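Throughout, protein chains are lettered first and strands after them, A, B, ... in sequence-line order, and every chain is numbered starting at 1. Nothing here was measured: the structure is a model prediction, and the numbers come from that model.
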Amino acid sequence: MKPTFYITTPIYYVNGAPHIGHAYTSIAADVLARWKRLDGFDVFFLTGTDEHGQKVEKAAEAAGVAPQVFADRVSADFRDMAVQMGITNDDFIRTTEERHRRSCTALWQRLADRGQIYLDAYEGWYAVRDEAFYGEDELAKQPDGSFLAPTGAPVEWVREPSYFFKLSAWGDKLLELYESHPDFVGPMARRNEVLSFVKAGLTDISISRTSFSWGIKVPGDETHVMYVWLDALTNYITAMGYPDENAEKWRYWPADLHLVGKEIVRFHAIFWPAFLMAAGLPVPKRVYSHGWWTSEGEKMSKSIGNVIDPRALVEEFGLDAVRFFLLREVPFGGDGDFKRKALISRLNVELANDLGNLAQRSLSLIAKNCGGVLPGLGETTEDDQNLLAGADALTGEMRAKLDRLAFSEALEEAWKLIRAGNGYIDRQAPWALRKTDFPRMETVLRVLVDLLRAVATNLRPFMPASMGKMLDQLGVSAEARGFADLAQKLPAGVALPAPQGVFPRFVEE
RNA sequence: GGCGGCGUAGCUCAGCGGUAGAGCAGGGGAAUCAUAAUCCCUUGGUCGGCGGUUCAAAUCCGUCCGCCGCUACCA
């Protein structure tokens with residue numbers, strides 16, 4: 001039986017349209033999901049939308065439609081984005097679905113039964129205009145003694161009944177978790193922040209609201225709806241069948257990896273495991289956060305007009321180039337700057353020149369000189385053996401990097417091999433061997449095919465369509481494209497299709 | 001204010017105790033199988049400043065300067 005691997009993106013909040021940040025998280029998760037499938041795992045990959053809360057209620061009102069209608073519309077847009085980005089999620093969960101209401105209700109009940117929830121009042125400085133609470137230190141004192149929110153809105157001290165979760169009781173258990181599972185939160189910088197946050201002492205958190213109604217009703221007290229995070233985080237177990245722990249999918253829980261943006265690390269690395277421990281459920285194995293993208297050196301904003309629309313990018317450059325660029329350009333975990341010039345440079349230099357051209361020159365030599373048939377491997381030299389050893393080692397090298405979520409480094413491993421391939425073909429000059437030592441030429445070309453096959457197979461999770469095309473041209477059958485299949489060498493003599501460029505150069509108009 | 005991170009070639013970054021590295025960009029040469037793609041060689045850095053520990057410091061410690069993150073219920 002295959003080992004399971006359960007990976008999630010956050011569920012995206014439907015108060016706005018999908019942008020590059022959402023696409024980035026989804027693509028990273030998708031690469032891992034595809035990688036694990038090729039690596040022999042039974043993968044479950046979840047994404048979806050978060051649809052409750054005051055902001056959605058308000059946005060719907062502004063749009064003049066019912067919240068559900070509004071949520072349906074935006075959720076469908078996120079689903080479309082996932083399709084456009086080539087995301088291979090196994091399920092798409094929506095927090096407005098009945099299965100999720102049932103799951104949240106059951107989790108709440110379970111927490112309540114275990115004495116983890118109590119009714120009190122949430123009080124604080126509230127700005128009616130912003131419909132938000134502010135901390136004392138965020139406020140500006142006015143000459144007349146009143147206070148203003150950072151937004152300039154007047155605030156007043158209000159008191160609202162609310163259910164609380166006993167988060168304060170779980171600090172030590174959380175610290176034990178971080179201690180015994182050093183990889184639980186990553187990257188390191190975020191882990192440190194989480195640690196210092198918990199060490200500073202946790203207070204109980206409010207988990208219900210009475211000030212709006214677009215949410216899941218608290219069981220036994222319908223004047224309250226559950227507050228965002230308890231509702232949202234629960235999606236990860238809803239999709240596994242919760243509360244039915246005999247569900248067929250429950251075997252995937254606990255999740256192997258929650259991929260998140262850095263702004264929601266706290267909720268995933270502190271609140272979520274606390275909720276689960278309090279409920280007596282297993283906690284996820286890992287939470288890993290990535291950074292944010294700026295655009296041409298500036299924060300993305302509608303007013304500057306530099307917001308990057310992932311679907312427009314794909315339209316212009318192609319899906320695989322975009323997927324590749326996002327994971328290649330920036331070390332995962334840190335922030336990145338999206339520069340159009342950098343994307344074009346990566347596309348032309350690394351995809352077209354380094355990889356595409358290597359495949360094209362190797363394959364056209366075969367087409368012209370070997371009658372379009374895959375040559376066999378003759379006697380090998382040390383140069384050949386070194387290259388083949390590099391090809392054989394690639395999966396292992398990349399796996400080690402991807403286990404650390406180091407996407408850019410994993411890709412660098414592939415490019416080291418590709419560069420070595422370009423050095424090799426020049427050194428061996430098969431176009432000269434054609435006249436002097438034909439069998440030697442065949443061996444050289446065969447070494448190149450084996451190298452390209454390893455590269456294309458290992459890069460498939462990143463660039464599924466183009467690497468599929470490359471494998472077609474290399475004569476690799478559709479059933480022999482997993483990592484384990486690389487051990488089985490291609491039979492000599494199979495006919496190869498006419499070579500065709502996989503990555504055309506991008507020329508700016 | 002407190003806690004944490006970062007500052008290394010023009011650019012993006014790796015190295016984290018033992019004579020400064022990679023990719024891109026720049027310069028020179030070779031080759032012409034290939035998407036005018038490729039290969040080889042090469043210019044370039046007092047590793048943010050100052051002090052200390054050490055036979056030896058980008059690498060450890062202190063301090064200063066400059067950026068950045070976190071500092072609770074805001075996807």
[X] side-chain proximity, nearest of [options]:
X      : options                : value
A:I205 : B:rA75, B:rC33, B:rC73 : B:rC73
A:F503 : B:rC24, B:rC33, B:rU35 : B:rU35
A:Q360 : B:rA75, B:rA34, B:rC33 : B:rA34
A:D354 : B:rU38, B:rA72, B:rA75 : B:rU38
A:S364 : B:rU35, B:rA34, B:rA37 : B:rA34
A:W431 : B:rC73, B:rA31, B:rA75 : B:rA31
A:D426 : B:rC3, B:rA75, B:rU38  : B:rU38
A:N422 : B:rA34, B:rU38, B:rC70 : B:rU38

Looking for any heavy atom pair under 4.0 Å, which part of the strands does [X] touch: base, sugar-phosphate only, or nothing?
X      : result
A:F197 : base
A:I270 : nothing
A:V502 : base
A:G423 : sugar-phosphate
A:E263 : base
A:R190 : sugar-phosphate
A:G21  : nothing
A:A352 : base
A:K262 : nothing
A:N192 : sugar-phosphate
A:W415 : nothing

Pairing partner (Watson-Crick or G-U wobble, both distances under 3.5 angstrom) of [N]:
N      : answer
B:rU63 : B:rG49
B:rG4  : B:rC68
B:rA34 : none
B:rA58 : none
B:rA75 : none
B:rG23 : B:rC11

With rounding to the closest Å, how many angstrom separate the [atom1] atoms on [N] and [M]?
N      : M      : atom1 : value
B:rA25 : B:rC39 : P     : 11 Å
B:rG18 : B:rG1  : C1'   : 42 Å
B:rG66 : B:rC60 : P     : 23 Å
B:rC70 : B:rA22 : P     : 35 Å
B:rC11 : B:rC47 : P     : 16 Å
B:rU54 : B:rC65 : C1'   : 27 Å
B:rG45 : B:rU12 : C1'   : 16 Å
B:rG29 : B:rC68 : C1'   : 45 Å

Length of the line joining [X]:[atom1] and [N]:[atom2], which is rounded to integer Å:
X      : N      : atom1 : atom2 : answer
A:F267 : B:rC70 : CZ    : P     : 12 Å
A:Q54  : B:rC73 : CD    : P     : 15 Å
A:R191 : B:rC70 : CZ    : C1'   : 16 Å
A:I425 : B:rU32 : CD1   : P     : 13 Å
A:I264 : B:rA75 : CD1   : P     : 11 Å
A:L411 : B:rA14 : CG    : P     : 16 Å
A:N357 : B:rC39 : CG    : C1'   : 12 Å
A:W293 : B:rU12 : CH2   : C1'   : 12 Å

Is B:rA58 syn or is it anti, if syn means the base angle is within 90 degrees of 0?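 In terms of base orientation relative to the sugar, B:rA58 is syn.
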For the aromatic rings, using the six-membered ring if either is Trp, is the centroid distance between [X] and [Y] under 6.0 Å?
X      : Y      : value
A:F78  : A:F92  : no
A:W272 : A:F184 : no
A:Y163 : A:Y118 : no

Does A:R404 pair with A:D183 as a salt bridge, N-O distance under 4.0 Å? no
Would you tell me whether [X] and [Y] have side-chain atoms, one donor and one acceptor, within less than 3.5 Å of each other?
X      : Y      : result
A:N386 : A:Y424 : no
A:T47  : A:N89  : no
A:W214 : A:E61  : no

Taking the nucleotide of RNA chain B with the closest heavy atom to each, which residue, A:K435 or A:Y12, is nearer the 5' end?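 It is A:K435 whose nearest nucleotide is closer to the 5' end.
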On RNA chain B, does the nearest nucleotide to A:P504 precede the nearest nucleotide to A:R328 from the 5' side, or the other way round? Give the residue. A:R328
Provide the closest heavy-atom pair for A:P10 versus A:L259 in the form atom of the first, atom of the second, distance.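 Between these two residues, the closest heavy atoms are CD-O, 3.1 Å.
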Using a cut-off of strictly less than 4.0 Å, decide whether [X] has a side-chain nitrogen or oxygen near OP1 or OP2 of [N].
X      : N      : answer
A:R505 : B:rA37 : yes
A:N353 : B:rU38 : yes
A:K368 : B:rA34 : yes

Does A:R323 make a cation-pi contact with A:F462, if we ask for NZ or CZ under 6.0 Å from the ring centre and within 45° of the axis? no
Do A:F332 and A:Y24 have side-chain heavy atoms sitting under 4.5 Å apart?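 Heavy-atom side-chain distance check passes, below 4.5 Å.
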